[in-house]
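Read the numbers this way: they start at 1 and go in the same order the structure lists the ligands and their atoms.
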Amino acid sequence: MEGFRVTGGEKIQGQARLQGAKNAVLPILAAALLPEGETVIRDCPDIRDAQAMAGILNTLGCACRLENGQARVDSGRLCRWEMPEELSKQIRSSIFLLGPILGKLRRATVTFPGGCDIGLRPIDLHLKGLRALGVRIREDGGVIHCDGGSMRAGNVYFDYPSVGATENVMMAAVLLPGITTIHNAAREPEIEDLQNFLNVLGGRIRGAGTKVIRVEGVQSLRGAVYTPIPDRIVGGTLLCAAAATGGEIELLNARPRDLKPVTEKMKEMGCGVWEMEDGLALKAPEKLRAFSPLHTRPHPGFPTDMQAQMLALSCTAEGESVIVENVFENRLSHVEDLRRMGADIQVCGRRALVRGVAALHGARLRARDLRGGAALVVAALGARGESTVERADLIDRGYDHLETVLSGLGARVERLTGGEDERKNESGIAAPFSARSAG
Ligand code: UD1
């Protein structure tokens, strides 16, 4: 099992360029099985979730290659509609394939999806949306069989604006004759990016970014070259890393409007934030201040994917910060590790009260989920002394070589390799992992 060794106290300083957003790339890769011909996705991050999605596409008969920051998908030989159980369990976003497979082959079988352990993450809204398009669905021991023989365009009403369910319906409907309207759609920037991608392929979709999306079915789609939007969550995490170390950073291609909910909170903490012609810059103050209560909400509210990193940052901010996680029911598991670093945090249900302490100290930590793991790295960067963060594999799901990016900004972060057993010395005391170059 791999981990990171972080030596705190070095100021983050410099420039970083963001790659394509994980949450844009994953549905786009799924949608790439819809067109005839080859699709090329540029700025594709080398992350585990994208590799897992590529693996599923290959198993379905598509040819998908991820290399040199590009994904190439040729859907010409798509022949299977059954998603492999093992791979589906690895990533939640395997559920995004349901819509496109149905749209193209009119039938699909999927195992209940996996992903981070941050709550129940049901798929009822995905299934409700597909049923509204005439899909007949049968669930049998964790396997979902979908028959799209009678699919037709229709009206879909979501009780809650689920990101994945909105995207699934868009992809299922793009090749359906007639007009599909999605009401109470999710409004995340990645939804708009999926719309733009599908339209570049020849689709006719509008309204993404608002609560109503209108999909006018087309007969066929053709392959294209596409560059997804930059990753606002990786960008936000790097801003937090800079703020935690009292440093400064320029995110060269960040889209300031996508990061607004995060940068507004960081301004409250005393950070200077500047919009650049093509990017964003942040300078941390000597001492961070607590922020006004932070409630995670669907876009344009505060993104749940940045909650953990902001919580880590608030641990050393002067005063009391309150954080309420409204989107997922089990997304405060990083608190336990932050307490091991000396943080003063009280949790009651979905609410965390953080009383800022003067400094955190290094500790042996363990990532429990993707963003919570990134938050521990942020905390360790600002802490006194050395920390190890176990389960780098969880962080690698959504960050492309985080240690390399942070090292390039002046931080001291190394990737460590070695299993549990190797980390015990003869006296049985846990020893550090062996270091691998940050590359
Ligand atoms: C996507 C993002 C994830 C982000 C989340 C919320 C991707 C690959 N992942 O996940 O990083 O944290 O949006 O911004 O884009 N729900 C149901 N029934 C459903 C679907 C969802 O009850 O059928 C609930 C979930 O359990 C959760 C909430 O709705 O509590 C939000 O989920 P959703 O918006 O669907 O998130 P994802 O698409 O899974």
Side-chain angles (χ1 to χ4, degrees), residues 20-31 44-45 47-53 56 88 90-99 110 112-132 137 139 144 156-172 182 184-194 197 208 211 228-229 231-237 258 261-262 295-310 324-332 350 369-375 394-395 397-399:
K22 161 186 167 284
N23 289 353
V25 165
L26 294 176
I28 285 175
L29 282 174
C44 184
I47 52 174
R48 285 170 68 99
D49 274 12
Q51 287 155 3
M53 180 62 90
I56 300 179
S88 304
Q90 274 177 29
I91 55 164
R92 160 99 183 157
S93 32
S94 56
I95 190 71
F96 295 140
L97 284 157
L98 203 50
V110 61
F112 210 87
C116 271
D117 186 15
I118 54 174
L120 282 174
R121 304 194 86 162
I123 56 167
D124 55 315
L125 297 168
H126 297 250
L127 302 186
K128 184 185 172 198
L130 295 172
R131 280 196 178 102
I137 297 171
E139 295 179 55
I144 299 152
V156 177
Y157 296 88
F158 285 126
D159 302 330
Y160 179 90
S162 155
V163 173
T166 302
E167 292 171 336
N168 239 333
V169 170
M170 288 165 74
M171 294 186 279
I182 309 171
N184 199 21
R187 289 179 282 165
E188 271 65 5
E190 291 78 14
I191 307 262
E192 210 173 329
D193 206 38
L194 178 64
F197 172 66
K211 287 183 175 176
I229 54 170
D231 199 312
R232 63 193 167 109
I233 307 301
V234 172
T237 305
D258 291 350
V262 175
H295 294 255
T296 65
R297 306 249 189 243
H299 194 77
F302 192 92
T304 172
D305 286 352
M306 279 302 302
Q307 172 263 107
Q309 302 88 316
M310 291 299 285
V324 185
E325 174 56 56
N326 295 302
V327 179
F328 290 103
E329 70 272 24
N330 181 23
R331 210 175 192 181
L332 289 170
R350 292 164 173 247
D369 61 56
L370 162 60
R371 305 304 172 186
L394 287 173
I395 297 173
R397 283 192 43 221
Y399 294 86

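- Of the charged side-chain nitrogens involved, none lies within less than 4.0 Å of a carboxylate oxygen, so that Asp124 and Arg131 do not count as a salt-bridged pair.
- Contact check for Asp305 versus Asn23: side-chain heavy atoms found under the 4.5 Å cut-off.
- Within ligand 1, the atoms closer than 4.0 Å to a non-hydrogen atom of Tyr160 are 28 (C), 29 (O), 31 (C), numbered from 1 in the order shown.
- The salt bridge (Lys or Arg N to Asp or Glu O under 4.0 Å) search around Asp49 returns Arg397, not counting sequence neighbours.
- Taking distance alone, with nitrogen or oxygen atoms compared against 3.5 Å, Thr304 stays at or beyond that limit from ligand 1.
- Not a single N or O atom of Ala165, backbone or side chain, sits closer than 3.5 Å to an N or O atom of ligand 1.
- For the side-chain contact (heavy atoms from CB on, under 4.5 Å) criterion with Met53, the lone passing option out of Val25, Leu29, Ile47 is Leu29.
- Taking CZ of Phe197 as the start and CE of Met171 as the end, the distance is 10.0 Å to the nearest 0.5 Å.
- Listed by number with element, the atoms of ligand 1 under 4.0 Å from a non-hydrogen atom of Asp124 are 17 (C), 18 (N), 19 (C), 22 (O), 23 (O).
- Taking any N or O of Leu125, backbone or side chain, at least one lies under 3.5 Å from an N or O belonging to ligand 1.
- Near Val327, meaning under 4.0 Å from any of its heavy atoms, are these atoms of ligand 1: 27 (C), 28 (C), 30 (O), 31 (C).
- Considering backbone and side-chain atoms together, Phe96 places no N or O closer than 3.5 Å to any N or O of ligand 1.
- Within the structure, the closest approach of Arg331 to ligand 1 falls below 4.0 Å when heavy atoms are considered.
- Between Ala208 and Ile191, the closest heavy-atom pair is CB-O, 3.9 Å.
- The distance from ligand 1 to the heavy atoms of Gly164 drops below 4.0 Å at these ligand atoms: 35 (O), 38 (O).
- Below 3.5 Å of separation, one finds an N or O of Val163 facing an N or O of ligand 1.
- The shortest N or O to N or O distance between Asn23 and ligand 1 is under 3.5 Å.
- With Asp231 contributing its side chain and Lys22 its backbone, the two residues share a donor-acceptor pair below 3.5 Å.
- For the pair Glu190 and ligand 1, no heavy-atom separation below 4.0 Å is found.
- At under 3.5 Å, a nitrogen or oxygen of Pro122, whether backbone or side chain, sits near a nitrogen or oxygen of ligand 1.
- At least one N or O atom of Asp305, backbone or side chain, sits closer than 3.5 Å to an N or O atom of ligand 1.
- The closest approach between any non-hydrogen atom of Ala186 and ligand 1 is not below 4.0 Å.
- Tested against Thr304, the residues Arg371, Arg297, Arg331 include a single side chain to side chain donor-acceptor pair (under 3.5 Å) partner, Arg331.
- To the nearest 0.5 Å, atom CD1 of residue Ile144 and atom CG of residue Leu130 are 10.0 Å apart.
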Begin from the C-alpha positions of Gln307 and Leu332 and carry the test side chain to side chain contact (heavy atoms under 4.5 Å, CB included) through to its verdict. CA-CA 9 Å; Gln307 172 263 107; Leu332 289 170; 3.6 Å; yes
